[in-house]
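The structure appears right after this line, and notes come after that.
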Amino acid sequence: MSRPILLLAALACLAAPLAAQDQRPYDLIITGGQLLDGTGNPAVPGEVAIRDGRIAAVGRLPHRNAKHVILARGKVVAPGFIDIHSHADDGAGPRGGFRDPDPKRKAALNIVTQGVTTVVVNQDGRSPWPVRDQRDQLRRDGIGPNAILLAGHGTIRGRVMGTDFRRPATPDEVARMRALLREALADGAWGLSAGLEYVPGRWSTTDEVAALVEEIVPSGGVYISHERSEGRDPMWYWPSQDPAGPPTLLDAVKETIEIGERTGARVVASHLKAKGATYWGSSKAAIELIARARARGVDVWADQYPYTTSGTDGNTVLIPGWALGRGPDQLGAAPAQSNQRPDYSAALRQTLADAALAAKAREDVAHEIIRRGGAEKVLVQQHPDTAMQGKTLAEIAARLGVPAVEAAFEIQFRGNPQRMGGGRLRGFSLDEVDLDLIAAQPWVATASDGGIGLPEDGPATHARFYGTFPRKIRRYAIERGVLRVEDAVRSMTTLPAQILGLADRGGLREGMWADVVVFDLGVIRDRATFTDPHQYAEGVEWVLVNGEAVVEAGKPTGKLAGKVLIR
C-alpha cells in the first residue's frame with residue numbers, strides 16, 4: 001500500500017470517532033478554571049464537560065449547550081481525592097461507618113468536604129464478614145463517596161484460629177485462611193489489609209502473611225499493612241513486662257518489603273511515621289530501605305497523614321494497664337464484667353505500695369512518656385482539676401515540683417478514678433522533621449487514617465477526620481514548601497489510583513468517571529483542631545462523585561452518589 005493511501009486510511013480512522021461523537025448537551029460544564037490533572041504537571045486553563053456521570057471532554061472546549069455550568073474562574077479543577085487508608089466503614093452501629101442508620105454518616109460529610117471522592121476501607125486487618133454482605137448493604141443503602149473494600153487479615157485469622165491466636169498458625173490453618181481470602185476476593189475485595197501491631201495479627205509470622213498475599217497477586221490486588229511497629233517498639237510493649245528486642249519501625253518496613261519481594265505483590269507501608277521522641281529522624285533510614293527496594297524492582301509504596309499526633313495518641317494513658325488492675329496486655333480484652341465500677345486510682349495506690357511493683361510501674365511510665373513524644377508533648381485535654389486541663393505533663397510536673405513520672409500518677413489520683421489515667425490526654429508522638437521527609441517522597445500517597453465524624457462524637461475526634469487533604473496542600477506544599485502543590489495533588493489522585501490499579505478514576509481524562517473537586521488555592525486549609533475538631537475544611541467549593549454534587553458552593557449536599565467499586 002502506498003504512503004498516500006496509508007495517510008488517507010489514518011485520517012479516516014481519526015475522523016470516525018469525531019463523526020460518532022455524542023452531540024447531546026452536556027449535563028455539566030466546569031469552566032474558567034485551571035486544570036490540575038494530578039500527574040504532577042502544572043495547571044493549564046480549560047474546561048471539563050460531564051455527561052452520564054463520566055468526563056465527556058477536557059480542554060479548550062468549543063461552546064456547547066450544557067444543562068448546568070460551574071463557573072470556576074480563579075479556582076483549581078482537579079481529580080477527586082482518593083483516601084487510600086480510611087476507616088469510613090468501621091463499625092455498623094451507633095457512631096459507626098457507612099452501615100450506620102444515620103444518613104449523615106452514610107453521606108460522610110466530613111470526608112467529602114475535604115474533596116475526597118473515593119475511600120479504601122476495612123483497614124488494619126479488620127473487615128466485616130462475609131465481605132459480600134458489606135458490599136450488598138452499601139450498594140442497597142447508599143454512600144456519599146465511592147468505596148473500595150479490602151479483606152482483613154486479622155478477621156480471617158480470627159475465623160480460622162478462634163481464641164487460640166497467640167501463636168503461629170499451622171500449615172493447615174494457613175491453607176484455610178487462604179481459602180477464606182479467595183472467597184473475599186471473589187466477593188469484591190481489592191486486596192488484603194493487615195494490622196500486625198494489633199490483636200490477633202501481632203502473633204502471625206512473615207511466612208503466614210506472605211502466603212496470604214500470594215492469593216492477591218493473580219487479580220492485581222494490593223496489600224496494605226499497618227506494620228508491626230512505628231517507632232523504637234510496638235504500642236503493646238512495656239519494658240517491665242515484655243522481653244527485650246521487640247520489632248522496630250525498620251524491622252517492620254523490612255518485613256513489608258520482604259513480603260512484596262517474595263510474592264511480587266504491590267505492598268503499602270501504611271501511615272509511615274517515626275514514633276517516639278528518641279526515634280525522631282529515623283524516617284530517613286526507613287525511606288532509604290524503601291527507595292533501595294524500589295530500585296531493585298520491589299513494588300512497594302507508602303502512605304502518610306500530615307499530623308504530628310497519631311490516633312492512639314488521642315487515647316494516651318501513661319500508666320500501664322497492669323498497674324491499674326487491667327492485666328498485663330494493654331491491647332487485650334477488657335476486664336470481666338462486674339457490678340462494681342473500677343477504681344483505677346485505688347488500684348494504682350495498691351501497686352505503688354509494693355516497692356518492686358512500684359519500680360516496674362515507674363519504668364513503664366517513663367517509657368510511655370518518651371513514646372508519646374516527651375513530657376512537653378503530652379497534653380491534658382480534659383480533667384476534673386481545671387488547673388491541669390490544657391497543660392502539658394511538663395508544666396504540671398513543674399507546678400507540682402515533682403518528676404514527670406510522679407506527675408502522671410498525680411493526674412490519675414486527682415482525676416476521675418473510673419477513667420484510666422484520670423483524664424483525657426493526647427500525646428504528640430511524631431515530629432515535623434519526619435513528616436517533611438516522608439511527604440517529599442514521590443511514592444508516598446496521602447491518607448487520613450480517619451473515619452466518619454459528627455459533632456455528637458465529641459472532642460476526642462482526631463482533626464484528620466476533617467482536614468487531612470486540605471492540610472497537606474496548605475501546610476506542607478504552600479507554607480512549608482516540602483513539595484509542590486502539583487505533587488501534593490498527585491499524592492492524593494493519580495498516585496493512589498496507580499497503587500490501587502484504578503484505571504478510570506484519579507485523573508481528568510475523557511471517559512473517566514466524573515470524580516472532580518474544585519478548590520480555591522488561596523483559601524484551601526484545614527480548620528479542625530484538637531480542641532474543636534468538628535469543623536469542615538475551607539476552600540473546597542465543589543465536589544462531584546460520579547458526576548453528582550456532594551459539595552455544592554462549599555456546602556455538603558448529603559447526596560449518596562458513591563458506588564462500591566469492584567475490580
Side-chain angles (χ1 to χ4, degrees), residues 84-87 89-90 120-129 131 148-161 165-169 173-185 189-217 219 221-230 234-236 246-273 275 286 290 293 298-304 310-312 331 445 447 449 499-500:
I84 199 171
H85 190 112
S86 170
H87 293 277
D89 198 34
D90 281 14
V120 183
V121 300
N122 301 347
Q123 301 285 351
D124 298 342
R126 306 177 185 122
S127 62
W129 199 267
V131 171
I148 288 174
L149 312 181
L150 299 173
H153 165 249
T155 297
I156 291 172
R157 194 171 206 268
R159 294 188 70 81
V160 170
M161 301 181 71
F165 55 74
R166 295 173 184 250
R167 58 174 176 82
E173 288 168 334
V174 172
R176 288 158 59 196
M177 291 183 211
R178 293 182 67 147
L180 289 178
L181 178 55
R182 288 194 296 273
E183 176 186 332
L185 294 171
W190 279 63
L192 181 72
S193 78
L196 302 183
E197 198 175 18
Y198 298 127
V199 175
R202 75 185 236 209
W203 287 277
S204 63
T205 65
T206 303
D207 287 343
E208 173 190 319
V209 179
L212 268 69
V213 171
E214 287 174 352
E215 293 290 342
I216 71 174
V217 174
S219 62
V222 63
Y223 169 64
I224 299 179
S225 177
H226 176 114
E227 298 173 306
R228 293 189 192 273
S229 182
E230 298 176 324
M235 65 177 70
W236 50 261
T248 68
L249 164 67
L250 300 184
D251 294 325
V253 169
K254 288 176 187 176
E255 182 183 40
T256 300
I257 292 170
E258 179 183 344
I259 290 169
E261 199 153 21
R262 285 170 56 175
T263 64
R266 186 174 301 116
V267 299
V268 180
S270 210
H271 39 62
L272 190 61
K273 60 173 73 77
K275 193 170 188 176
I290 294 174
V298 183
D299 200 358
V300 57
W301 309 77
D303 64 57
Q304 176 201 42
S310 71
T312 57
L331 299 182
D449 198 18
I499 294 170
L500 294 164

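Note that the structure is a prediction, hence the values are computed from the model and not measured.
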Counting N and O atoms only, with roles assigned by atom type, does the side chain of [X] sit under 3.5 Å from a partner on the main chain of [Y], one being a donor and the other an acceptor?
X	Y	value
R157	G201	no
R228	P234	no
S193	N122	yes

### Passing option when S127 is tested against D90, T155, L192 for side chain to side chain contact (heavy atoms under 4.5 Å, CB included)
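Running side chain to side chain contact (heavy atoms under 4.5 Å, CB included) over D90, T155, L192 with S127 returns exactly one hit, T155.
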### Task
Find the distance between CZ (R266) and CD1 (I499) and round it off to the nearest 0.5 Å.
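Between atom CZ of R266 and atom CD1 of I499 there are 8.0 Å.
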### Query
What distance do W190 atom CH2 and L500 atom CG have between them, rounded to the nearest 0.5 Å?
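One gets 6.5 Å once the value is rounded to the nearest 0.5 Å.
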### Task
Decide whether H226 and E197 meet the rule of one side-chain donor and one side-chain acceptor closer than 3.5 Å.
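Side chains of H226 and E197: pair found under 3.5 Å.
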Does the side chain of [Y] come within less than 4.5 Å of [X]'s, by heavy atoms?
X	Y	result
D251	S229	no
D299	V267	no
D124	H271	yes
L180	W129	yes
L196	R202	no
L272	L249	yes
E173	F165	no
S270	D303	yes

### Message
Which residue in the set K254, R262, E258, E255 passes side-chain hydrogen bond (donor to acceptor under 3.5 Å, both in side chains) when paired with T206?
### Response
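With T206 as partner, side-chain hydrogen bond (donor to acceptor under 3.5 Å, both in side chains) holds for just one option, E255.
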#### Entry: Taking every non-hydrogen atom, the tightest pair across A293 and V300
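Looks like CB-CG1, 4.1 Å.
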### Query
Of the non-hydrogen atoms in A169 and E208, which two are nearest, and what is the gap between them?
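Nearest heavy atoms, A169 then E208: CB-OE1, 3.4 Å.
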### Task
Using side-chain contact (heavy atoms from CB on, under 4.5 Å) as the criterion, list what pairs up with T312, not counting sequence neighbours.
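Testing T312 for side-chain contact (heavy atoms from CB on, under 4.5 Å), a comparison that skips the adjacent residues, returns M235, K275, S310, R372.
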